[in-house]
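Within every chain, numbering begins at 1; the chains are lettered A, B, ... in the order of the sequence lines, protein sequences first and strands thereafter. Just so we're clear, the structure is a prediction, and the values are computed from it rather than from any experiment.
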Number of protein chains: 2
Amino acid sequence: MLTLTHYQILRFISASGPTTRAELVSRIGLSKAAMSGLARELIDKNLLRETSTIQKQGRPSTLLDLDPQGAYFIGVSMASDPAVIALVDFKGEIVNRIDIARSTDPDEFAQAIANCLPKLIGGAAVAQKRVLGMGVTLSGLVDQEQANCIKSTILGWQDVPLAKIIHKHTHLPTFIENDAKALAVSERLFGEARDMHSFSLIWLGKGIGAAHFVHDRLHRGAHGGAGEIAHCTIEPNGLPCRCGKTGCLDTVASMIAILDAARAQGLKAETLDDIERAAASGSSVAIRLLHRAGSALGLAISQIIQINDPQMVLVTHREERFDGLFSTVMQQAIEANVLPRLSGVTPIQFRKVADADWAVGAASVATHSFLHGFI
Amino acid sequence: MLTLTHYQILRFISASGPTTRAELVSRIGLSKAAMSGLARELIDKNLLRETSTIQKQGRPSTLLDLDPQGAYFIGVSMASDPAVIALVDFKGEIVNRIDIARSTDPDEFAQAIANCLPKLIGGAAVAQKRVLGMGVTLSGLVDQEQANCIKSTILGWQDVPLAKIIHKHTHLPTFIENDAKALAVSERLFGEARDMHSFSLIWLGKGIGAAHFVHDRLHRGAHGGAGEIAHCTIEPNGLPCRCGKTGCLDTVASMIAILDAARAQGLKAETLDDIERAAASGSSVAIRLLHRAGSALGLAISQIIQINDPQMVLVTHREERFDGLFSTVMQQAIEANVLPRLSGVTPIQFRKVADADWAVGAASVATHSFLHGFI
DNA sequence: CTGATTTAGTTCAGAAATTGTACTAAGTAG
DNA sequence: CTACTTAGTACAATTTCTGAACTAAATCAG
C-alpha cells in the first residue's frame with residue numbers, strides 16, 4: 001500500500017514537525033514531481049494534512065503535518081495495576097483511556113484487553129480501520145522481535161509469547177517493549193527528543209532503567225539488555241543487591257533504596273520530596289542520603305556520556321519537582337566525572353512522567369513500528 | 001553509476017562473505033530477475049566475481065564474492081612515526097606499503113602523501129582508476145563529517161580541515177577517523193566482527209580507547225566522543241589524571257600507567273609481558289599491579305556491556321600473548337560486575353594489532369564509506 | 001498599479017528500476 | 001532414463017522517479 005518513500009516522508013515530518021514539500025524535496029532527496037504525487041497520496045489516505053502556509057519571497061509554501069486523526073494506536077501499560085489502556089492518535093495525544101485489572105495470566109489479560117476495545121475505540125468515535133496497531137509495555141526483558149517477554153520478575157513471566165497471544169484475541173499487529181525503552185520511543189516521537197538522532201533516557205523510579213536511541217533507532221542490545229544500568233557497580237564493596245552482586249546503582253539511587261535507607265535511619269518519608277524538604281530544613285540524614293544517591297546517579301550518567309556521547313540525557317521521574325539537592329548533586333557529579341573536553345556539551349533535561357505517559361509510551365512503540373513500515 | 005541496491009548487495013556480501021544470488025534474493029528482498037541483472041552489472045564492473053559453486057539439490061548455485069582487485073583504498077595511519085601508508089584491496093589485504101615521516105604541518109604531510117602515491121599504486125601494478133578513496137587515522141577527535149580534526153594532542157592540532165587539504169593534493173575522496181574507531185571499522189569489514197550488527201572494541205595500548213558498532217554502523221557520538229572510556233572514573237579518589245580528574249581508567253589500566261607504576265615500585269619492565277613473567281615467578285608487586293589494572297578494565301567493560309549489551313567485546317592490544325594474569329583478572333571482573341542474567345552471554349575476544357593493521361583500519365574507513373555510497 | 005522576479009507546486013511524457021511469468025540450465029533421487 | 005528440484009536468465013509489463021515546461025501566488029521596484 002505505502003512505499004518506503006511514503007514512510008520516509010512520514011518519518012521526517014514526525015521527527016521534524018510540519019514541513020513544506022519544498023523542504024522535504026531537499027532533505028529527502030527526491031524530485032519535486034515525485035514529492036508532489038507522494039504528498040497527495042498521503043493526504044488522500046488522511047495520514048498527512050496541510051496546515052498553515054509560510055511566506056518569505058515567492059509563492060507561499062504549505063506546511064504538511066501528520067494528520068492526528070489519520071492513524072491511531074493502542075497502548076497498554078502493565079507498569080501499574082490496574083493496567084492503563086489508551087487510544088492514542090498519530091501525534092501522541094490520548095483520545096480515550098480505560099483502566100483494567102492487570103492479570104498475570106496472558107490469555108486472560110489478552111481477552112480482557114480485547115473486551116474493552118470496542119468501548120475504547122467506539123467511545124472516542126474513531127473508525128476501527130484507523131486503529132493500526134498495539135504496543136504493550138512491561139517491566140522486564142523483551143526479545144529482539146518485540147514479540148516475546150523473555151523474563152519479567154514482577155509478572156512472574158518467562159518466555160511468554162505475549163504479542164502472538166494478544167494478536168489472537170484482538171487481530172491487531174502487536175509489539176511488546178520494556179517500559180523504559182518505550183518511554184524513550186515516545187520521547188523521540190512526541191517529546192523532548194524529537195529530531196534527535198541519539199539520546200539516552202534515564203528512568204528514575206522504584207527501580208532505575210535507561211534506554212538509548214542511536215542512529216535514529218532504539219538500541220535494544222544483543223539480548224534486549226541495553227540500558228540495564230541499575231546493576232552497574234557504583235560502590236565497589238557496597239551493599240548487597242537483590243541481583244546477587246554488591247554496590248549496584250540500584251542499591252543507592254533507586255527510590256526504593258533511598259526511602260528504605262531513610263526509614264532505616266529514622267526519617268519519615270514517603271516520597272523523594274519529603275526527603276528534599278527534610279534536607280532543606282537541615283536534616284543531616286536527609287542531606288547525606290541525597291548526596292550519596294545523587295552522586296551515584298551522576299557517576300552512572302557520566303559513564304553513559306563517555307561511552308555513548310549522546311546528544312542529550314533525559315532524566316524522567318515521577319516527582320512533582322526535581323530541582324532540589326538530589327538533582328544539584330547529580331549534575332555536579334556529572335560535571336566532575338565527565339572528561340573536561342566533553343563536559344557541559346551534553347544537555348541534561350528532566351521530565352515528570354505520569355501514569356498516562358506510560359500508556360502513550362506503549363502506543364508509541366506501535367507508532368514507531370508503523371513509521372518503519374511494519375504493515 | 002551504482003544504485004542503492006548495488007551497494008546493498010555489496011554490503012551484504014562484505015558482511016556475510018560469499019553468497020549465492022538465490023540467498024541474496026531472499027535476504028535482501030528483491031526479485032530473481034532484478035538480482036540477476038544487478039549481479040551481472042557488478043561483475044562487469046569487477047566489483048563482484050563468481051567463485052565456487054555449491055551443490056545441494058537442483059541446479060548448483062554460484063557463490064558471488066567481492067572481487068579483491070575491483071576496488072582499492074589507501075589507508076594512512078598517523079598513529080606511529082613514521083606514518084604508514086598502505087594500498088589495501090577490496091577484501092582488506094595490503095598489496096603495497098610505504099612508510100613516510102609524519103609531519104604535523106597538514107599541507108606538508110598531504111603533499112608527502114601525494115608524492116608517494118604513484119610509487120605506492122604503480123609499484124603494485126594497480127590501475128589508478130581502481131583506487132577509490134583514502135582514509136586517514138589519527139589519535140584525537142574527528143568531526144561528524146569525518147573531514148576535520150577537531151583536536152589532537154599528539155599532533156598539536158585543533159580544527160584542522162585535513163580531508164579537504166589532502167583532497168586538494170591527491171584528488172581522492174578522503175575521510176578522517178579516530179584510530180580506535182577505524183580499527184573497529186576494519187574489524188567489522190574484514191575481521192572478527194564480520195556480520196555483527198553491534199559490538200564494542202577496546203583498544204589497550206599506551207592509552208585506552210573504545211569504539212562501538214550499533215545497528216551496523218559506527219556510532220561516533222554527538223561530538224565524535226563515543227568510546228572515550230579512558231576517562232571513566234573507576235577509582236573514586238584515585239590518582240590524578242592528565243585530564244584533570246582523578247581515578248580515571250587511564251591512570252590504572254593503560255600500558256603507560258602500568259609500566260610507570262611498575263618502574264616506580266622498582267620492577268624492571270618494558271612490556272606487559274615482562275610484568276606477566278614477573279608475576280608468574282611470584283613477584284607480589286607484579287601480581288598486585290596486574291590485579292589492579294585487570295579488574296579496573298574489567299569493571300569498565302562491564303559498564304559497556306550493561307549500558308550497550310553488544311554482541312561481542314573485542315579487546316585489541318599489541319602484546320604477543322594475552323592470556324596471562326591480566327586477562328584472567330579482567331575476565332573475572334567482567335563476570336563479577338555484569339548482571340548475572342546477562343553474564344556469560346557476551347563473548348570477549350582478543351586480537352593482537354600490528355602497525356600495518358592500523359593502516360588497514362584507515363583504509364577500511366574509506367571502504368566503509370564507499371560501501372555506504374559516498375560516490 | 002503594473003510588470004519583473006522569486007519561490008512553490010503540478011503536469012505529463014519519458015527514463016530507470018523492479019517484478020511476474022515463462023523459460024533454460026544443471027544437478028539429484030529413484 | 002525420467003521425474004523432480006533448485007538456480008539463474010529473458011523479456012514484457014508495471015511501478016517509481018526524473019526533467020522540463022508549466023501554473024500559482026506571493027514580493028519587489030518603479
Protein heavy-atom contacts under 4.0 Å, written 5' to 3' over nucleotides 10-20 of chain C as B (base), S (sugar-phosphate only) or - (none), form the string BBB----SSBB

To the nearest Å, how far apart are A/Leu24 CG and D/dC17 C1'? 16 Å

Distance-only, no hydrogens or angles: does the A/Ser364 side chain make a donor-acceptor pair with backbone N or O of A/Thr367 under 3.5 Å? no

Measure from the side-chain N and O atoms of B/Ser186 to the backbone N and O of B/Leu183, and report whether any donor-acceptor pair falls under 3.5 Å. yes

With a 6.0 Å cut-off on the ring centroids, do A/Phe370 and A/Phe73 count as close? yes

Just to be sure I follow the notation: if a pair is Watson-Crick (purine N1 to pyrimidine N3 plus N6-O4 or O6-N4) or a G-U wobble (N1-O2 and O6-N3), each under 3.5 Å, what dot-bracket string does DNA chain D give, with | for pairs to another strand? ||||||||||||||||||||||||||||||

d(NZ, A/Lys56; C1', D/dC28) in whole Å: 17 Å

For the atom pair CG (B/Leu201) and CE (B/Met312), what is the distance rounded to the nearest 0.5 Å? 8.0 Å

Look at the aromatic rings of A/His171 and A/His167 and report parallel, tilted or perpendicular, splitting at 30° and 60°. perpendicular

Of A/Ile9, A/Leu10, A/Ile13, which meets side chain to side chain contact (heavy atoms under 4.5 Å, CB included) against A/Leu47? A/Leu10

Side-chain N or O of B/Thr62 versus OP1/OP2 of D/dA7: is the shortest distance under 4.0 Å? no

Using modelled atom types and a 3.5 Å cut-off, is there a donor and acceptor pairing between side-chain atoms of A/Asn148 and backbone atoms of A/Ile150? no

Find which nucleotide of DNA chain D each of A/Gln57 and B/Ser61 is nearest to by heavy atoms, and output the residue with the more 5' nucleotide. B/Ser61

Atom-to-atom span, CD of B/Gln55 to P of D/dT5 - whole angstrom: 18 Å

Would A/Arg49 and A/Thr51 satisfy side-chain contact (heavy atoms from CB on, under 4.5 Å), going step by step from the backbone distance to the final call? CA-CA 6 Å; A/Arg49 60 175 184 182; A/Thr51 56; 4.1 Å; yes

Rounded off to whole Å, could you give me the CD1-to-P distance for the A/Ile28 and C/dG9 pair? 14 Å

